[in-house]
Protein chains: 2
Amino acid sequence: MTDRADAGRDVVVRRGGVPEATVGRLPLYHRVVVDLADQGVETVSSEALAATAGVSPAKLRKDLSFLGSYGTRGVGYEVSVLIDQIGAELGISSEWPVVIVGVGHLGHALANYGGFASRGFRLVALFDDAPQLVGTEVAGLTVRPFADLPAVARTDGVLIGVVATPAPAAQQVADALVAAGVNSILNFAPVVLSVPSSVDVRRVDLASELQILAFHQQRRGNDLTQVAR
Amino acid sequence: MTDRADAGRDVVVRRGGVPEATVGRLPLYHRVVVDLADQGVETVSSEALAATAGVSPAKLRKDLSFLGSYGTRGVGYEVSVLIDQIGAELGISSEWPVVIVGVGHLGHALANYGGFASRGFRLVALFDDAPQLVGTEVAGLTVRPFADLPAVARTDGVLIGVVATPAPAAQQVADALVAAGVNSILNFAPVVLSVPSSVDVRRVDLASELQILAFHQQRRGNDLTQVAR
DNA sequence: ATCTGTGAATTTCTTCACAGCA
DNA sequence: TGCTGTGAAGAAATTCACAGAT
């Protein structure tokens, strides 16, 4: 551990290097401070903010410290400053164009989700090949055939795509997205997408989430049985 | 580190203690092995299975080792054995009754999600107070008023609930779920639920997922700009 | 006096690398 | 020989605990 010459130059300055675990919590923090601002709160301590977000105060402070020193010792954080700084870190100042592929119930739900604009996203197109859907209007956008993707992606510079199709269609949709220049994919279909390593995929899977809950539920049950020792 | 008498008794036997990170991947593994079985695959190496699931072989082997030794050295894993063992660990043999509250587009999407039964869940009721929804049939179930929750929860022994309501309603729905004996909640509303510590809540937040993607996207862009030291 | 910011300790997770079994 | 199972090493994340700013 104290081996291997700490020759002095590996001080790891963490150039903008926010740890992944922290990145995963920034959207939550952002949401919470925006809510606080809406309630008229101007200043908040790490303890109060942590309680609202459901994390420990130490974790919250450490997370925020990666963005810089925006708190005041003895006082707390100014809510408006946090909104700006976390927002900047998340790129909320930008307006990322996003497309959704698949306009079933889930696609509908996503399209009608209110928070796009306020979080730095602009929904630019909805795609679905079902004849009864193409041409209909959803969330203020006309549903287009999937074949239109390349044109839209080029015109609007789309880098982020949402896959909300049934499982069997997901892989070919992903392939088309990648071919159209999309390199961040949010996948709601219950399959593991195969994409080039340059493409970032996040899976959201209802069944997995339920199964994780069920696992803990089951463990609790077992604990009751096996408490002795 | 070698301080403090290793008096010999803290050998941590890991009594059924599967690490949390592993638990989070078990549903993925389960899905992948079920898919393999559907394709007629009977045996699979950790390398092939890991590639399909999108994780490293070492991680996969370590994860599976927490469940026991179900592979054969020099050969690989028998797919059917993995299905059984991972399924058992996740409690798929049981049939967890689940309720969904909120039958908007998202609730519809969740209710019509095919995989409930095959993953150990049984959807027992859908709740919504919108007059135009109550009494209608969705996914083979009649939508009921939320006031029916306590009765249903008691009758069916519901321990897991899904919140698919708009944000403003989510907290009071959660309160009612907890009061009705539900202690695992999957929350799709973009709010942090306040619940007793005995209740396990998992959040699924579309905007957060998109923001995490956007963060990485932004970082990639910056890297291109700032490559030269 | 209070509350942040952060090194250091601790815990958890991942990866390595190879002994051991088929 | 080939691939699992797993200690040990390494990396990452979390928590501790307190110095330092207001």
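In this text, all values refer to a predicted model and were calculated from it rather than measured experimentally. Sequence lines set the chain letters: A, B, ... in the order given, protein chains first and strands last, and positions in each chain run from 1. We use all heavy atoms of the structure for the numbers below, so side chains are in, but hydrogens, waters and symmetry mates are not.
Comparing atom distances between the A:S56 side chain and each of C:dG5, D:dT15, C:dC13 picks out D:dT15 as nearest. The listed nucleotides are C:dG5, C:dA17, D:dC16; the one nearest the side chain of B:R61 is C:dA17. With D:dT4, D:dA17, C:dC16 as the choices, the nucleotide that has an atom nearest any side-chain atom of B:S45 turns out to be D:dT4.
If you check distances only, the side chain of B:R73 never reaches the base of D:dG2 with a donor-acceptor pair under 3.5 Å.
To the nearest angstrom, C1' of C:dT4 lies 15 Å from CD of A:E78. Remark: C1' of D:dT4 and CG of B:L64 are 10 Å apart, rounded to the nearest angstrom. A straight line from OH of A:Y70 to P of D:dA21 spans 19 Å, rounded to a whole angstrom. Note: CD (B:E47) to P (C:dT15) measures 15 Å, nearest angstrom.
With respect to A:L186, the side chain to side chain contact (heavy atoms under 4.5 Å, CB included) criterion is satisfied by exactly one of A:I160, A:V163, A:V162, A:V201: A:V162.
Remark: B:E47 CD is loosely packed, at most 12 non-hydrogen atoms of other residues, nucleotides or ligands lying under 6.0 Å away.
For the OP1/OP2 pair of C:dT14 and a distance below 4.0 Å, the side-chain nitrogens and oxygens of B:R25 include at least one atom meeting the criterion. Look at B:Y77 and you won't find any side-chain N or O under 4.0 angstrom from OP1 or OP2 of C:dA22. OP1 or OP2 of C:dT4 has not a single side-chain nitrogen or oxygen of A:T72 nearer than 4.0 Å.
Heavy-atom nearest nucleotides on DNA chain D were determined for B:G74 and for A:A21, and the one closer to the 5' end corresponds to B:G74.
With sequence neighbours left out, B:D200 forms a salt bridge (charged side-chain N to carboxylate O under 4.0 Å, His left out) with no residue at all.
Note: A:H105 and B:H105 have tilted aromatic rings, judged against thresholds of 30 and 60 degrees for the angle between ring planes.
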